[in-house]
Number of protein chains: 2
Amino acid sequence: MENYMQDAFLPLRDVVFKTLRQAILTGELKPGERLMEIHLANKLGVSRTPIREAIRQLELEGLVIMVPRKGAQVASITEKSLTDVLEVRLALEKLAVELACKRINYDQKEMLKEKMLEFEQLAGTDDASLIARADVAFHDAIFDSTGNMRLGQMVNNLAEQMYRYRFEYIKDKSGHEKLVLEHRQIYDAIIKGDIEEATKQISVHIKNQEASIINQIRSEKGN
Amino acid sequence: MENYMQDAFLPLRDVVFKTLRQAILTGELKPGERLMEIHLANKLGVSRTPIREAIRQLELEGLVIMVPRKGAQVASITEKSLTDVLEVRLALEKLAVELACKRINYDQKEMLKEKMLEFEQLAGTDDASLIARADVAFHDAIFDSTGNMRLGQMVNNLAEQMYRYRFEYIKDKSGHEKLVLEHRQIYDAIIKGDIEEATKQISVHIKNQEASIINQIRSEKGN
DNA sequence: GGATTGTATATTGTGTACAATATACAAAGA
DNA sequence: TCTTTGTATATTGTACACAATATACAATCC
């Protein structure tokens, strides 16, 4: 939460925004927790103004909810809201692989292969944080291949909202082998330009994630 | 741009947000135009703070772009950005009618019928503003029937970004007959639960809009 | 005892002053 | 004349002060 100086030079609101988002996604700030401006301002060593502007942005991203005259709190994820988001996300991920099949060029194929192999390498290790990043990189390579920036942006935003859970998902090493296989199958289908197969495989991939995350939510509720 | 008092009681930032968004969508604020805080503050009779917070929100909605230390300007729509958005929107609209086919209940069917008939009524008149609103209401009825609020929210946000053009589209009375027919076909398909037909018809509907809007953009550029 | 009202406190909402920076334009030098 | 540099001005970035409001808790009344 400290050392926001790492990217000094860009406006404080953006630094604060990134800092708070990170804190929410990693679970440092928990669902339902209140975001009090003065407190955050003191903690981050800035005034209330950039804090407020950062909160406005988090609100639009769906990570916090504002109650007028009461302030902001970290959005809590219900099973219903999660399935709603995943329903949309699945449709967009399918669109992404379909477009990738149609439009991917040579360089992008190389990049996709590279990211897939990097993921395979890391999947054997213990660093969940690195693995998560490699997973994002693989998916980003797909979005790049669609030629539609907006699409990638939207899916990333949706994916972000369940980032906290996906991290747990990746920590479970027993699933790594399956993940590697899924990536490989998605990759193969895109390279072959086989839209039907690619959309089928991405669906499997997303639905496995969904099942895992819902399990987590249910077990949390049981606490 | 004036009389923001209509919804006094909610925070000024939200009033300003709505006011500015409306101004952008109706074309009162034109693409590329700079949003200068002091100027807007004077014009709307508030201080810079709520203006700034409203601009932060508009930025996240994609209606304005921020340049650090230079300020905000109304986002301009290129043909490429438009087709990107429509590509995503089409996928989501298809998902919406598919889910509607599966989940619509009796009350929602009645509502959908009502909205369709209202649109047919108004399509004979001259009030483009009313017609546009009826069109939105029809589509909203579809989103309601999906049981997925998030989906409707996202599509509306995408649709909003081309609102300015759609208004021109609706002003062209020669297309009204076609619009009424398209709505009728979408409605019939949803009531029958015919997913294939519904997605086909919604695709036609969106692609007609796309063609019309692209025509407008090209003719504007020719000026 | 329970409900209600009043009051203190905490927190957000708004306005405003000052700092930092970018831009335009003029002046000076080659 | 062209380039460069300096300076004035406009504009955003940040901090802070005050106003408005919600919340909790105590005091009072029935």
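All values reported here derive from a predicted model rather than from experimental measurement. Quick note: numbers below take in every heavy atom, side chains included, and nothing from hydrogens, waters or symmetry partners. Every chain is numbered from 1, with letters handed out A, B, ... down the list of sequences.
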Would you mind reporting whether [Y] and [X] have side-chain heavy atoms less than 4.5 Å apart?
X: B:Q57; Y: B:D14; result: yes
X: B:M116; Y: B:I186; result: no
X: A:I214; Y: A:I217; result: no
X: B:L82; Y: B:M162; result: yes

Handout entry: Sequence-distant partners of A:K30, salt bridge (Lys or Arg N to Asp or Glu O under 4.0 Å), two or more places apart
Key =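 Per chain and number, A:K30 pairs via salt bridge (Lys or Arg N to Asp or Glu O under 4.0 Å) with no residue.
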Practice task
Would you mind listing every salt bridge (Lys or Arg N to Asp or Glu O under 4.0 Å) that reaches into residues 140-161 of chain B, with sequence neighbours excluded?
Solution key: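 Residue pairs with at least one partner in residues 140-161 of chain B: B:R21-B:E160.
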Practice task
Provide the full list of salt bridge (Lys or Arg N to Asp or Glu O under 4.0 Å) pairs with a residue in residues 97-109 of chain A, sequence neighbours left out, each pair given once.
Solution key: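 Every pair satisfying salt bridge (Lys or Arg N to Asp or Glu O under 4.0 Å) with a residue in residues 97-109 of chain A: A:E98-A:K102, A:R103-B:E87.
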Round to the nearest Å and state the distance from [X] atom [atom1] to [N] atom [atom2].
X: B:Q73; N: D:dT11; atom1: CD; atom2: P; result: 14 Å
X: B:L44; N: C:dG13; atom1: CG; atom2: P; result: 19 Å
X: A:R13; N: D:dG13; atom1: CZ; atom2: P; result: 5 Å
X: A:E37; N: C:dT12; atom1: CD; atom2: P; result: 5 Å
X: A:R34; N: C:dT12; atom1: CZ; atom2: P; result: 6 Å
X: A:L35; N: C:dT12; atom1: CG; atom2: C1'; result: 13 Å
X: B:I38; N: D:dT12; atom1: CD1; atom2: C1'; result: 8 Å

For nucleotides 19-25 of chain D, give me every protein contact, N/O to N/O, under 3.5 Å, one pair per line with atom names.
| unit_1 | atom_1 | unit_2 | atom_2 | d |
| --- | --- | --- | --- | --- |
| D:dA20 | N3 | A:R69 | NH1 | 3.2 |

Ignoring hydrogens and angles, tell me if any N or O in the side chain of [X] forms a donor-acceptor pair with the backbone of [Y] under 3.5 Å.
X: A:T19; Y: A:V15; value: yes
X: B:N148; Y: A:D84; value: yes
X: B:S212; Y: B:N208; value: no

Problem - Residue-level proximity of residues 51-65 of chain A to DNA chain D when a heavy atom falls under 4.0 Å - result: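 Nucleic-acid contacts, sorted: none.
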Anything under 3.5 Å between a protein N or O and an N or O of nucleotides 15-18 of chain D, put it in a table, one pair a line.
| unit_1 | atom_1 | unit_2 | atom_2 | d |
| --- | --- | --- | --- | --- |
| D:dA15 | OP2 | A:S47 | N | 2.7 |
| D:dA15 | OP2 | A:S47 | OG | 3.0 |
| D:dA15 | N7 | A:T49 | OG1 | 2.7 |
| D:dC16 | N4 | A:T49 | OG1 | 3.4 |

Handout entry: Verdict with supporting geometry, A:H139 and A:H205, side chain to side chain contact (heavy atoms under 4.5 Å, CB included)
Key = CA-CA 11 Å; A:H139 285 271; A:H205 190 53; 3.3 Å; yes
